[in-house]
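Chain naming here is simple, since letters A, B, ... match the order of the sequence lines and numbering starts at 1 in each. The basis for the numbers below is simple: all heavy atoms, side chains too, and nothing from hydrogens, waters or symmetry mates. Quick caveat: nothing in here was measured; it's all calculated off a predicted structure.
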There are 2 protein chains.
Amino acid sequence: MFLSTTTNNLDAKGRVSVPSDFRAVVGDGAFDGIVLWPSFDGDYLEGGGLALMQEYLDSLETMDHYDEGRMALQRAIFAESRKLSFDSGGRVTLPKDLAEYAGLNGRATFVGLGRRFEIWSPESYESHIGDVRRLARENRNRLISLRRRNGSEGAR
Amino acid sequence: MFLSTTTNNLDAKGRVSVPSDFRAVVGDGAFDGIVLWPSFDGDYLEGGGLALMQEYLDSLETMDHYDEGRMALQRAIFAESRKLSFDSGGRVTLPKDLAEYAGLNGRATFVGLGRRFEIWSPESYESHIGDVRRLARENRNRLISLRRRNGSEGAR
DNA sequence: CCATGAAATCCCATGTTATCCCATATTGGG
DNA sequence: CCCAATATGGGATAACATGGGATTTCATGG
């Protein structure tokens, strides 16, 4: 599970250290690295491990093969994504176009969101989350009522 | 899993370098190469490894033997497909008719879409995906809601 | 059956850049 | 305070994409 928010340096070669606990999340041995793609929902990158990509693929496979919406999702995620391997220091080299898409300038903020994470420029993220606590408070009942509805959830 | 979008040169002999990570996807030892066919959904080629062809075959086998639609799919994919081996540099030689079908002119864009990939001319693909981000945004809830429905996902 | 020509396949070489390797600085926990 | 883990920076090497030529294979015609 991707948790926490961390800001690391993006060096002159385009390398950035992926937070070590994120690395642990995706490290299942088959592929040591992450998958990133430009979000279609804003100026940031989205990412995860191959397991997330498999989940998305399974989800897409339940839709009609050439359904327009499906194809759009598939292109926006799979065709746009980049598979980035870790170097010995746990860094990945961000392709220039991805760094530019997210407006990254020497620093990158990793935002853990459970199954996936996001990468923002620190300043963009700062202004994006300006009101996140107020919004969260306004929507807190949605979390609670979902738990009630699935009444047998139990504690993990 | 085929991921990313890469554009490589198509040389005077019709050879094009298949992106190395695509090569890794199909490299199960039995056959070092790809299978391509002209898409019936547009001016591009579709492709994958032998494993994909087996999946399609298994899927077709669940249909009635002489079902008209089945036969059409079978002909459009299997009868039209070409099995292309990699040379020592990981290239395949595109048959002229396939290159012409996709309007390829010196360059070919490989589009990874998970289980299969597509090959487009760069200009065609560029104009085709003009609105893909908007369409993906409009359809994003389809991806999310499917995950909710499969409620046993569990955290790592 | 044999000869020939065209196409497919194989082989070699080169330049660029992605990946690998090593070292140092910083940080957090015992 | 010390040590181990993590983040950071620089240089070297290997892999990948590209181009050209040689050899082998296959199809065709006599």
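- Annotation: the span from B:Arg115 atom CZ to B:Tyr56 atom OH amounts to 9.0 Å, rounded to 0.5 Å.
- Rounded to whole angstrom, the span from the CZ atom of A:Phe31 across to the C1' atom of C:dT19 amounts to 13 Å.
- Going from atom CD of A:Glu46 over to atom CD of A:Glu118 covers 5.5 Å, rounded to the nearest 0.5 Å.
- Here D:dA17 presents its P atom at 11 Å from CZ of B:Phe22, a figure rounded to the nearest Å.
- Under the 3.5 Å distance criterion, the side-chain polar atoms of B:Thr5 are matched with a main-chain donor or acceptor of A:Ala79.
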Report all interatomic pairs (protein N or O, nucleotide N or O of nucleotides 27-30 of chain C) with separations under 3.5 Å.
none

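- Taking the six-membered ring where tryptophan is involved, the planes of B:Trp120 and B:Tyr44 are essentially parallel, since the angle between them stays under 30° and well short of 60°.
- Rounded to an integer number of Å, the gap from NZ of A:Lys96 to C1' of C:dA18 is 12 Å.
- Between the C1' atom of D:dA5 and the CG atom of A:Asn8 lies a distance of 14 Å, rounded to the nearest Å.
- Distance A:Asp32 CG to C:dC20 P: 11 Å, rounded to the nearest Å.
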Quick one: what's the B/S/- string for nucleotides 9-16 of chain D, heavy-atom cutoff under 4.0 Å, read 5' to 3'? BBB----S

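- Contact check on B:Asp32 versus B:Arg23 returns no salt bridge, with no Lys/Arg side-chain nitrogen under 4.0 Å from an Asp/Glu carboxylate oxygen.
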Scan the side chains in residues 101-113 of chain A for donor-acceptor partners under 3.5 Å anywhere in the protein, sequence neighbours excluded, and list what turns up.
from     : atom 1 : to      : atom 2 : distance (Å)
A:Tyr101 : OH     : A:Ser39 : O      : 2.4
A:Tyr101 : OH     : A:Gly42 : O      : 3.2
A:Thr109 : OG1    : A:Thr7  : OG1    : 2.7

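- Side-chain contact between B:Leu52 and B:Val35 is absent, with no heavy-atom pair separated by less than 4.5 Å.
- Not one N or O on the side chain of A:Asp64 forms a donor-acceptor pair closer than 3.5 Å with the backbone of A:Asp67.
- As rounded to whole Å, 13 Å separates atom P of C:dC10 from atom CG of B:Leu84.
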